[in-house]
Amino acid sequence: MIRRNMEEEEEEQEEQQQQQKLAGNPDWMSSLPAELLDVPLWNLALPGSHDSMSFCLDVSSPVLRSESCLLRGFDRLFPCWTRPCVYRWATTQQSVLSDQCDLGIRFLDLRIARKPAGGRALFFAHGLYTLLAVTEALDELAAWLDAHPKEFVIVSCSHFDSLTDGDHARLVENIITLFGDKLCSSKETPTLRSCWSRGQQVILSYGNQQVVLQHPELWDEIPYRYADSPDPKKVIAFLEDQKHRRRPAGFYVSGLNLTEDAPYVLLHPLQTMRKMTMKGLTLLLSWASDQRPGPEDGGVNIVCCDFVDVSQFCSLVIGLNDKLRPFCRTQGDAAGCA
């Protein structure tokens, strides 16, 4: 009984801490110093959430068609075991999009799918399908942007499990209609000052090149660097190795997210993605705190993490932009940071 009370107290304290952190950084871009307002957004440090919509996975849904034949076979035979297991490991966030944006998240990783019997509605997916439809989530994001007119969000749409050409056409039409003049054209070099002058708040990265070529409002898929490992030390070693390579032109993501594999899951049957993340988070955030943004090789841009509301991840990444200010000053004007 005493142990149960202690566990309940710890859970209550943790929940209170998370509630405090949700106050976050809702308007941090509009509060940046003047010398950073003309820096291209791909040279700033931007916090992002990995698999942003996984907070609302449907534990009763079948696993995705894109999953392995073995897993889909198990799902058909033992759904009461398979789906809860996938749910535990596929859930990487626990806050709705507006709360993530309030924390300071400015890159949203949206993986879109069509359910086997979901009609024309599109959903999100990570192992399982989500409860929320794409239109509901994007409406929430549009409302948040209306309430924060000087904030900017990069929306990355990708994976597109089982989408048809017609699905893509309807999805893009809905996005363009919803965000309208808020969309920043892929022909522009976005800075906060230039985007503010045009009322732009959204960059839409789309992971289908054929569709992108038809719409100047869409940007190419943003490169996402991640180690595909459950070991935080290997994640850091991978990201360090990537720093020694040529910096991608434009936007790119450094993923702090850990990735489970079948052997790891079998060896840790009672663990969850959240527990695995928490064990490695101190080491991962320590690496992130040593980074700096900017145009040089090795400079970070978008940094993504799982469970963005359980630590000071957003504030830490936002704070990296202070390291860019002296460089901008030495150039004589902010444009020198381009």
Atom of Ser98, atom of Glu140 and distance for their closest heavy-atom approach:
OG-OE2, 2.7 Å

So which heavy atom on Ala125 is nearest to which on Thr130, and how close?
N-CG2, 4.2 Å

Please check this pair: side chain of [X] against backbone of [Y], looking for a donor-acceptor N/O pair closer than 3.5 Å.
| X | Y | result |
| --- | --- | --- |
| His126 | Ala90 | yes |
| Arg170 | Ala121 | no |
| Asn321 | Ile318 | yes |
| Gln93 | Phe307 | yes |
| Glu221 | Asn208 | no |
| Ser186 | Pro216 | yes |
| Asp51 | Asp306 | no |
| Arg83 | Ser61 | yes |

Taking it one step at a time, do Ser197 and Ser194 satisfy side-chain hydrogen bond (donor to acceptor under 3.5 Å, both in side chains)?
CA-CA 5 Å; Ser197 70; Ser194 68; 5.8 Å; no

Salt bridge check: are [X] and [Y] linked by an N-O gap of less than 4.0 Å?
| X | Y | result |
| --- | --- | --- |
| Arg114 | Asp167 | yes |
| Arg106 | Glu151 | yes |
| Asp27 | Lys150 | no |
| Asp297 | Arg247 | no |

Is it true that, when you exclude Asp165 itself, more than 12 heavy atoms of the residues, nucleotides or ligands shown sit nearer than 6.0 Å to its CG?
no

Hey, is NZ on Lys323 packed in by over 12 heavy atoms from elsewhere, all under 6.0 Å?
yes

Answer with yes or no whether the side chains of [Y] and [X] bring together a donor and an acceptor at under 3.5 Å.
| X | Y | result |
| --- | --- | --- |
| Gln200 | Asp181 | no |
| Ser286 | Ser289 | no |
| Ser54 | Thr91 | no |
| Tyr264 | Asp231 | no |
| Asp109 | Ser156 | no |

What class does the angle between the rings of Phe74 and Trp81 fall in, given that below 30° is parallel, 30 to 60° is tilted and above 60° is perpendicular?
tilted

So, taking the atom named [atom1] in [X] and the one named [atom2] in [Y], what distance separates them when rounded to the nearest 0.5 Å?
| X | Y | atom1 | atom2 | answer |
| --- | --- | --- | --- | --- |
| Met273 | Met278 | CE | CE | 13.5 Å |
| Asn174 | Leu138 | CG | CG | 8.5 Å |
| Asp228 | Asp261 | CG | CG | 8.0 Å |
| Ile203 | Glu188 | CD1 | CD | 9.0 Å |
| Ser49 | Phe55 | OG | CZ | 9.5 Å |
| Leu285 | Phe313 | CG | CZ | 7.5 Å |

Taking the six-membered ring where the residue is Trp, are the ring centres of Phe152 and Trp196 under 6.0 Å apart?
no

Check each of His159, His168, His215 against Tyr206 using the ring-ring contact (aromatic ring centres under 6.0 Å, His included) test, and report the only one that passes.
His168

Quick one: list whatever passes side chain to side chain contact (heavy atoms under 4.5 Å, CB included) with Thr272, sequence neighbours left out.
Arg88, Arg274, Lys275

Ring pair (Phe, Tyr, Trp, His ring centres under 6.0 Å) filter on His148, not counting sequence neighbours, yields Trp144

